[in-house]
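Only one structure is covered here, and it is reproduced in the block below.
Residue numbering restarts at 1 for every chain, and letters A, B, ... go by the order of the sequence lines.
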Number of protein chains: 2
Amino acid sequence: MPKPVVRDEARRRRRPTRQGTVLSEALIVDTALRLLREHGGGGLTARRLGLALGADPSTLYRYFAGMDDLTRAIGDELMGRALGSWAATGRWRDDLRALGLAVHAAYLAHPQAAVLTASRVTGRPREIAVDETILGILRGAGLPDEDAARIYHTFIDQSLAFAALDAGALALTEESRTADEGMWATTYARLPASSHPHIAATAPLLARRMPHSAYPGALEMLLDHTAARLRAARAAGG
Amino acid sequence: MPKPVVRDEARRRRRPTRQGTVLSEALIVDTALRLLREHGGGGLTARRLGLALGADPSTLYRYFAGMDDLTRAIGDELMGRALGSWAATGRWRDDLRALGLAVHAAYLAHPQAAVLTASRVTGRPREIAVDETILGILRGAGLPDEDAARIYHTFIDQSLAFAALDAGALALTEESRTADEGMWATTYARLPASSHPHIAATAPLLARRMPHSAYPGALEMLLDHTAARLRAARAAGG
DNA sequence: ACGGTAAGGTCAACCGTGTTGGCATAAGGC
DNA sequence: GCCTTATGCCAACACGGTTGACCTTACCGT
């Protein structure tokens with residue numbers, strides 16, 4: 001039978017660890033983020049986390065149901081940081097763009113964590129706050145609920161999907177990352193025009209473009225689409 | 001020192017395994033896909049793969065440098081299947097849409113494999129073939145190289161990113177997947193309008209929409225954008 | 001036809017992983 | 001200040017990828 005997990009705020013006694021640290025959900029999540037940053041994508045292990053905290057690995061199970069649960073908490077923390085770095089201006093297009101870039105940036109700031117968490121819907125508080133904010137921007141701009149729901153869905157999924165993809169590239173070890181990026185300057189650039197005319201013709205352009213994220217461009221497409229729907233709604237509404 | 005890896009076509013002897021099966025890269029990849037399908041996302045292990053093949057796990061290292069290398073090969077196989085299920089019509093918009101949906105579908109047909117592979121650029125033959133095809137459609141439609149390269153980049157990253165995200169949802173165990181989907185009908189729907197007015201107002205719409213992929217919508221936005229660029233290019237060109 | 005070489009399959013072992021059940025200790029309500 | 005029990009610790013388990021030494025037999029050259 002697994003140990004019972006006690007939510008942080010319901011914790012009654014605070015007993016320091018043998019090495020003196022007093023544990024908490026926040027401390028564990030922060031330490032996990034640090035480990036991911038320092039030791040790379042596979043660097044987050046129960047044992048290593050315990051060592052970094054000065055606690056036995058099994059102690060973590062008093063705070064999280066398992067590594068999977070901890071992972072979700074990390075994802076929610078990233079969402080919180082994204083929202084914290086964002087401020088509303090009242091101009092829907094600027095606000096939506098800034099929020100998208102903030103989420104993207106917050107995840108990319110911890111690529112290894114992003115890879116682990118970006119494709120999971122957590123349903124935790126910070127994620128809900130972000131969802132509410134997005135819907136608020138869209139409905140506040142005057143979109144009908146139908147459009148708002150559809151565009152919200154595309155917006156959040158696109159942001160998380162690109163965050164995970166881009167983070168995946170960043171999370172590679174320095175060695176294999178430069179190898180991947182160099183692939184465009186080598187493998188692809190060397191393909192003969194006879195067999196791959198289109199790649200050959202655009203290879204220099206691609207080599208310059210591929211190492212960067214395509215997210216800002218995709219985001220702009222979504223904003224264009226939103227603007228068009230907004231014009232349509234205003235025309236129909238009066 | 002690791003065992004030397006011999007590429008399939010350079011293999012000189014074909015020695016049957018103790019249990020009689022004759023190995024090959026293709027057989028291993030196919031079996032790996034079957035295991036992922038049958039046993040779920042974490043179901044692909046060297047030991048289990050060896051067992052399914054009737055071979056010792058360590059034998060795999062004669063064919064792939066490690067599980068990571070095998071993973072890349074699986075990703076390339078999915079690309080091949082996507083391209084194989086696609087046929088050109090000459091109408092750029094239809095072709096691009098069909099190719100995007102084919103890639104997305106090929107990955108979603110093997111969600112667990114997609115999660116492992118979609119965020120890696122492999123540089124393997126089938127992936128290069130897909131890239132060449134996309135660029136061909138865009139340049140064939142009459143786009144300037146600059147636009148073609150940019151839209152190609154957005155297109156392939158968007159397709160893979162959504163494939164990984166959507167596959168992530170599908171790859172969950174039946175239990176936690178219905179839990180995740182039900183979250184929209186429960187957690188989100190129960191948020192009070194006082195604290196979360198926008199979620200409360202659109203909850204029924206979201207509950208119906210969120211379980212489906214946002215990819216088709218995002219793809220259509222990209223096609224709209226491409227059409228606009230194409231009009232601009234034609235206006236400028238003559 | 002056959003012998004020697006080395007390719008390719010096998011075995012046993014290593015170390016690191018998440019996770020658990022039982023135990024010890026001390027925090028904090030009374 | 002006692003007693004309860006929350007909370008941290010320990011030892012162990014099953015399983016993961018990976019490796020080095022090994023054996024066997026398919027194939028090449030004669």
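Distance CG (Leu51(A)) to P (dC10(D)): 13 Å, rounded to an integer number of Å. At whole-Å resolution of the value, CZ in Arg18(B) and P in dT24(D) are 8 Å apart. Between the P atom of dT19(C) and the CG atom of Leu49(A) lies a distance of 12 Å, rounded to the nearest Å. Between Leu60(A) atom CG and dT7(D) atom P there is a gap of 15 Å when expressed in whole angstrom units. Protein atom CG of Asp68(B) is 18 Å distant from nucleotide atom P of dG16(D), rounded to whole Å. Atom P of nucleotide dT7(D) and atom CG of Leu27(A) are separated by 16 Å, given to the nearest angstrom. Across the protein-nucleic acid pair, Tyr61(A) atom OH and dC10(D) atom P stand 17 Å apart, rounded to whole Å. The distance between atom CG of Asp69(A) and atom C1' of dT19(C), rounded to the nearest whole Å, is 14 Å.
Side-chain N/O atoms of Arg48(A) include none lying less than 4.0 angstrom from OP1 or OP2 on dG16(C). Residue Thr45(A) places no side-chain N or O under 4.0 Å from the OP1 or OP2 atom of dG16(C).
In this structure, Arg47(B) and Met67(A) both approach DNA chain C, and ranking their closest nucleotides by distance from the 5' end singles out Arg47(B). Summary of the strand contacts: Val22(A) and Ala46(B) both lie near DNA chain D, and taking for each the nucleotide with the nearest heavy atom, the more 5' one is attributed to Val22(A).
A donor-acceptor pair is defined here as one N or O able to donate and one able to accept, closer than 3.5 Å; such a pair exists between the side chain of Thr31(B) and the backbone of Leu27(B).
Of the N and O atoms on the side chains of Ser159(B) and Tyr215(B), at least one donor lies less than 3.5 Å from an acceptor on the other residue. Using modelled atom types, one finds no donor on one side chain facing an acceptor on the other under 3.5 Å when comparing Tyr63(A) with Asp69(A).
Taking every side-chain heavy atom of Thr59(A) into account, dG8(D) is the closest of dT10(C), dA27(C), dG8(D). The side chain of Ser58(B) lies closest to dC11(C), out of dC11(C), dC9(D), dG17(D). For Arg62(A), taking side-chain heavy atoms from C-beta onward, the closest of the listed nucleotides dT7(D), dG16(D), dG18(C) is dT7(D).
One finds a salt bridge joining Asp30(A) and Arg81(A) here, because a Lys/Arg side-chain nitrogen approaches an Asp/Glu carboxylate oxygen to under 4.0 Å. Salt-bridge formation is detected for the pair Arg72(B)/Asp68(B): a Lys NZ or Arg NE/NH1/NH2 atom is positioned less than 4.0 Å from an Asp or Glu carboxylate oxygen.
Backbone-only engagement by Tyr63(A) is indicated by non-hydrogen atom pairs under 4.0 Å involving sugar-phosphate atoms exclusively. Residue-level contact check: Arg14(A) touches the backbone only, with heavy atoms under 4.0 Å from sugar-phosphate atoms and none from bases. Nucleic acid contact for Arg15(B): base, since at least one base atom lies under 4.0 Å from a heavy atom of the residue.
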